[in-house]
Amino acid sequence: MAVDLHVHSSASDGTDTPSLVVEKAAALGLTALALTDHDTLSGIPEAREAAARFPIELIPGVELSVDHAGVKIHMLAYFLEPTPGPLEDRLAELRTGRTFRNKRIVERLNELGYSITMNDVLRHAAGDAVGRPHIADALVEAGAIENRSEAFVGLLGDGGSAYVERDRLTAIDAIALTTESDGVASIAHPLTINADAATLRTIFEDLRDAGLAGIEAHYSEYSPTIRTQLAAVAADLGLVATGGSDYHGAGKPGLRIGSGRGDLVVPDSVLEGLRRRRP
Ligand code: AMP
Ligand code: ZN
Ligand code: FE
Ligand code: FE
């Protein structure tokens with residue numbers, strides 16, 4: 001029995017609606033799906049309604065971009081509610097920060113000669129967490145580039161000519177807020193963290209001591225060998241080896257719910273492991 005604990009919908013920068021991702025996951029026979037949109041829980045009610053029609057469990061989640069010791073980390077938080085709460089309230093502030101940042105990115109693009117407007121960007125966003133992928137979509141529509149990924153090379157990617165920083169929580173604060181919200185946190189795609197193996201392990205240990213529950217070992221873009229190595233590190237540190245596809249619909253072509261690039265399997269025991277870590 002398999003699950004997928006990392007999926008995006010049109011509530012953030014995925015292209016499928018929350019109900020469609022649930023329907024696809026159910027059709028594939030997954031027993032559980034975590035909807036983990038960036039900085040928003042607004043897709044959860046629709047996803048839950050869809051999940052009630054199929055033999056699949058919907059785990060409400062979110063993906064946060066956080067800082068720790070000078071490096072950027074993506075963190076998945078699970079078992080949150082789309083109602084007021086410690087972390088939930090902070091998400092609204094993070095989305096406001098996105099709005100300011102998006103405007104500044106568009107201004108930079110205009111200075112660089114790309115004539116797109118915020119309205120062009122917003123036309124590509126169905127939800128309330130708008131970001132660089134939607135800016136990329138506007139650039140594609142304007143004929144400036146071919147696809148989303150191209151925008152991240154040199155232009156919108158970290159350090160790119162139109163890149164603008166945005167407010168982030170620290171990893172420690174994100175974990176504390178998640179715990180206060182009765183949730184659990186796992187580090188998403190841990191090898192994206194810009195650090196050597198020894199530093200990475202220290203980061204995992206520091207965050208585990210701050211209440212981190214897991215690391216995403218079974219990630220769609222990692223080889224079976226890397227997944228096994230990360231799962232061993234997780235076991236060694238007393239962390240849950242979580243997993244997911246990072247499905248974004250047409251936003252990340254070739255990635256499928258549940259199976260990723262074809263070879264991903266996230267056992268449902270992972271979800272049981274996370275449940276046991278709930279406060
Ligand atoms: P933002 O949330 O505005 O900071 O944008 C970050 C999001 O853009 C990531 O979470 C990905 O979904 C997407 N993204 C990052 N890098 C790329 C890339 N090279 N190609 C396509 N999408 C990307
Ligand atoms: Zn995304
Ligand atoms: Fe991510
Ligand atoms: Fe993601």
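Just so you know, these numbers come straight off a predicted model, no measurement behind them. Numbering of ligands and ligand atoms starts at 1, following listing order. Heads up: numbering here begins at 1 and tracks the sequence.
Just one of D67, D158, D39 meets the salt bridge (charged side-chain N to carboxylate O under 4.0 Å, His left out) condition when paired with R166; it is D39.
The Zn ion (ligand 2) has H248 among its coordinating residues (N/O/S atom, backbone or side chain, under 2.8 Å). With 2.8 Å as the limit, H189 does not count as an N, O or S neighbour of the Fe ion (ligand 4). Put simply, H38 stays out of reach of the Fe ion (ligand 3), with no N, O or S atom under 2.8 Å from it. The Fe ion (ligand 4) has no N, O or S atom of H248 inside 2.8 Å of it.
Counting just the N/O/S atoms of D13, the one with the shortest distance to the Zn ion (ligand 2) is named OD2. Taking the Fe ion (ligand 3) as reference, E63 places its N/O/S atom OE2 nearest. Looking at H38 and the Zn ion (ligand 2) together, the shortest N, O or S contact belongs to NE2. As for H74, its N/O/S atom nearest the Fe ion (ligand 3) is the one called ND1. Within D246, the N, O or S atom at minimum distance from the Fe ion (ligand 4) carries the name OD1.
Side-chain contact, E216 with T242: no donor N or O sits under 3.5 Å from an acceptor N or O. Side chains of D196 and T199: a donor on one and an acceptor on the other come within 3.5 Å. Side-chain N/O atoms of T117 and D120 include a donor and acceptor closer than 3.5 Å.
The aromatic rings of H38 and H8 sit parallel to each other, their planes meeting at less than 30°, with 60° as the upper class boundary.
Taking the ring axis of Y247 as reference, the NZ or CZ atom of R256 does not stay both within 45° of it and closer than 6.0 Å to the ring centre.
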What's the verdict on side chain to side chain donor-acceptor pair (under 3.5 Å) for D246 and S220, showing C-alpha distance, side-chain angles and the deciding distance? CA-CA 7 Å; D246 210 0; S220 56; over 6 Å; no

